[in-house]
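Heads up, the thing below is written out as C-alpha cells.
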2 protein chains.
Amino acid sequence: MTAMATRQRGRPRSFDREKALHEATMAFWEHGYEATSIADLTRVMGIGAPSLYAAFGDKKALFGEVVESYAGRYGDFGRRALAEEGTARAAIGRLLGEAAVEYTDPEHPRGCLMISAAANCTAADVRAALRERREAGLAAFESRIGADVASGALPPGTDARTLARYAGAVLQGMSQQARDGASADELAKVVEVAMRAWPDRPAGRGA
Amino acid sequence: MTAMATRQRGRPRSFDREKALHEATMAFWEHGYEATSIADLTRVMGIGAPSLYAAFGDKKALFGEVVESYAGRYGDFGRRALAEEGTARAAIGRLLGEAAVEYTDPEHPRGCLMISAAANCTAADVRAALRERREAGLAAFESRIGADVASGALPPGTDARTLARYAGAVLQGMSQQARDGASADELAKVVEVAMRAWPDRPAGRGA
DNA sequence: CCCTTTACCTAGCGGTCGCTACAGAAAGGA
DNA sequence: TCCTTTCTGTAGCGACCGCTAGGTAAAGGG
C-alpha cells in the first residue's frame, strides 16, 4: 500500500503468462467456452490447475481476459476500418473483406471467437457478455452509417440501423461459413455480392 | 417375423412419444446439443431416464430424431420456397422472408436449430451431421440458382455457388441475430436490403 | 389363473466437471 | 540462517455427466 510495485516477493511464476493466455485463447476460439475444460486448458497452457487459478482467477475470469485480448489482437480490424475509411461503404466493405481473410487464416482457429465461442453456453452471464460485444459492434456500424446519412454520403432516407444489422448478419454468416470450411476466396466473393446491396449514391432507392 | 404388427405385447408406453419428442426438440433448440443434459430432457419430457433410453436409444439417437422431425416441421419452408417459386430470386426472397418470421416466432425458441444447436459441440459426429445438412441446403440453393442461369432468368456470368453461399450467410446471420433478440420486423428489413444484392435482370453486372 | 412380454421407477455405476486443500519448492528480507 | 511470501505439484473434493442394473407394474396369451 505505502510503496508501489513491491518488486516480487516469494517464488516467481515459472511460465509466460502472455503465452499461456494465448494458448487459452486458441482453445476457447476453437472449441467454445463450455466445451473447453480446465483439463484442456492446463494441457495446452502447460501449467497445473492451481497455477491457472492463481494467475487468472477462475474459468470465467480467464475467458474474460481471453475475450479482451482477442478483441484487441484479432477483432481490431473492424474498429480500424470504421475509423480510417472515408465512407461507411468503404469501411464496411473493407471490414468484410478483411474478415474473409481473418476468418480463414490457417494461423488460428476459423471464424470469430466473439460470434461463436458462447453460442450454446449454459452460463447466462458468459453468453450475455459476448452478446453485448456483438451489439456494441452493431452500434458502431450504425453510428458510422448514420454519420454518412447526415453528411449526405448516403441517401437521406437510409435506415442506418437496418443497414448496420445487415452488415452484422453478413459478418456473422461469414464466421459460420468459415467454420464450416469456406475458403478465403469464397468468402471474398460473398462480400463482393453483399456490397451490391449497399445504397451507393444519394439517388438510390432508400431504406 | 412371420406375422406382421404383433399388436403390442406387454405393458403399453405411458407417455405420448410424439409429444415427448416435441419437448426434446424445444430443449435442444433452445440450449443446443451438449448443453441439454439427460436430466433436462427427462424433466421436460416428463419421463424417467430408462424410458427415454428404451424409446429413443441414447442421447445422440434422440437428437437425430429431433433433427429429422425439426427438418420436416420447421425447416420445410425453405424446401417449399425453392420448389414452388418461379425464379431463384422469388424463392430465396420468400425463403429469407419466411425465416424472418419463423426465427422470431414466440411459439418456439429463436433462430434455427440446424444452424446453432451443434455450434460448440465436443461430439464431432453430431457437429458433422448438422454441417452436412447446412451444406445440403447450400447445394439446393446453388442448384435452383444454376437452373435460372441456364434458363436465362439470371445473367449468364452469374456465379451460382457464390450467390448460394451469400444467401446461406445471410440466413445464418439472421438466425444468430434472432437469438440475439432481433425482431421479425428488423429481420424483414434486413432481408429487403439483402435482396438488393440479387442480380435481377439479364443485363446485370454479372458475378 | 399363471406366464411372458414390455415399460416404469429407484438407485447408483464409472467418468468428468470446475475447483481447492495441502505440502513442498523457490525467491527476498531479517 | 531462518522466516515470510508466493508459486507449483499431487491428490481429491462434491456435483453433475451419460447411462444402466434390478426389481416392480401393467398389459396380452394360454
Side-chain angles (χ1 to χ4, degrees), chain A residues 1-21 23-24 27-28 31-66 117-118 120-127, chain B residues 1-21 24 27-28 31-66 117-118 120-126:
Chain A
M1 265 300 188
T2 52
M4 57 159 292
T6 44
R7 235 197 48 215
Q8 77 169 11
R9 304 246 313 167
R11 178 174 176 174
R13 183 178 288 125
S14 68
F15 61 94
D16 182 340
R17 195 180 188 280
E18 286 303 308
K19 184 164 176 286
L21 187 62
E23 296 302 328
F28 277 129
H31 306 292
Y33 175 74
E34 206 141 84
T36 305
S37 70
I38 297 291
D40 293 334
L41 290 167
T42 57
R43 191 180 58 252
V44 302
M45 296 165 89
I47 62 178
S51 298
L52 187 156
Y53 281 86
F56 299 100
D58 61 5
K59 191 183 177 182
K60 274 184 196 175
L62 170 58
F63 185 68
E65 279 202 48
V66 159
N120 288 316
C121 182
T122 305
D125 51 350
V126 174
R127 262 198 339 258
Chain B
M1 266 298 188
T2 54
M4 58 159 292
T6 45
R7 227 186 68 206
Q8 78 168 14
R9 304 247 313 166
R11 177 174 176 175
R13 182 179 289 124
S14 67
F15 62 93
D16 182 340
R17 194 179 189 281
E18 286 304 308
K19 183 165 176 287
L21 187 61
F28 278 129
H31 306 291
Y33 175 74
E34 206 140 83
T36 305
S37 71
I38 297 292
D40 293 334
L41 291 167
T42 57
R43 192 180 55 252
V44 302
M45 296 165 90
I47 63 179
S51 297
L52 186 156
Y53 282 86
F56 299 101
D58 62 4
K59 191 183 177 182
K60 275 184 195 174
L62 170 58
F63 185 68
E65 279 203 48
V66 160
N120 287 316
C121 182
T122 306
D125 49 352
V126 174

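Labels below follow one simple rule: chain letters A, B, ... track the order of the sequence lines, proteins then strands, and each chain is numbered from 1.
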For [X] and [N], give me the distance from atom [atom1] to atom [atom2], rounded to whole Å.
| X | N | atom1 | atom2 | result |
| --- | --- | --- | --- | --- |
| A/Phe15 | C/dA26 | CZ | P | 16 Å |
| B/Phe28 | D/dG18 | CZ | P | 9 Å |
| A/Arg13 | D/dG9 | CZ | C1' | 16 Å |
| B/Arg43 | D/dC16 | CZ | C1' | 13 Å |
| B/Leu41 | D/dC17 | CG | P | 10 Å |

Checklist entry - Any donor-acceptor pair under 3.5 Å joining the side chain of A/Arg11 to the base of C/dA25? => result yes

Whichever of B/Gly10 and B/Ile47 has the more 5' nearest nucleotide on DNA chain C, that residue is B/Gly10

query: Is any side-chain N or O of A/Ser14 closer than 4.0 Å to OP1 or OP2 of D/dC7?
result: no

C/dA7 phosphate, OP1 or OP2, under 4.0 Å from B/Ser51 side-chain N/O = no

Scanning both residues in full, the closest heavy-atom pair of B/Gly57 with B/Ala61 reads CA-CB, 4.5 Å

Between A/Ala117 and A/Phe28 the two heavy atoms that sit nearest each other are CB-O, 3.9 Å

Which of A/Asp40, A/Asp16, A/Leu62 passes side-chain contact (heavy atoms from CB on, under 4.5 Å) with A/Met45? It is A/Leu62

Please tabulate, one pair per line, each protein N/O and nucleotide N/O from nucleotides 14-19 of chain C that are separated by under 3.5 Å, including the distance.
residue	atom	partner	partner atom	Å
C/dC17	OP1	A/Ser37	OG	3.4
C/dG18	OP1	A/Lys59	NZ	2.7
C/dG18	OP2	A/Ile38	N	2.7
C/dC19	OP2	A/Tyr53	OH	2.9
C/dC19	OP2	A/Lys59	N	3.0
C/dC19	O5'	A/Tyr53	OH	3.2

*Salt bridge check: are B/Glu65 and B/Lys60 linked by an N-O gap of less than 4.0 Å?*
no

Worksheet item: Is NZ or CZ of A/Lys59 both nearer than 6.0 Å to the six-membered ring centre of A/Tyr33 and within 45° of the ring axis?
Response: yes

(Q) Within 45 degrees of the ring normal and closer than 6.0 Å to the centroid, is that where the cationic atom of A/Arg17 sits relative to A/Phe15? (A) no

### Message
Heavy atoms only, 4.0 Å cut-off, all strands: where does B/Pro12 land among base, sugar-phosphate and nothing?
### Response
sugar-phosphate

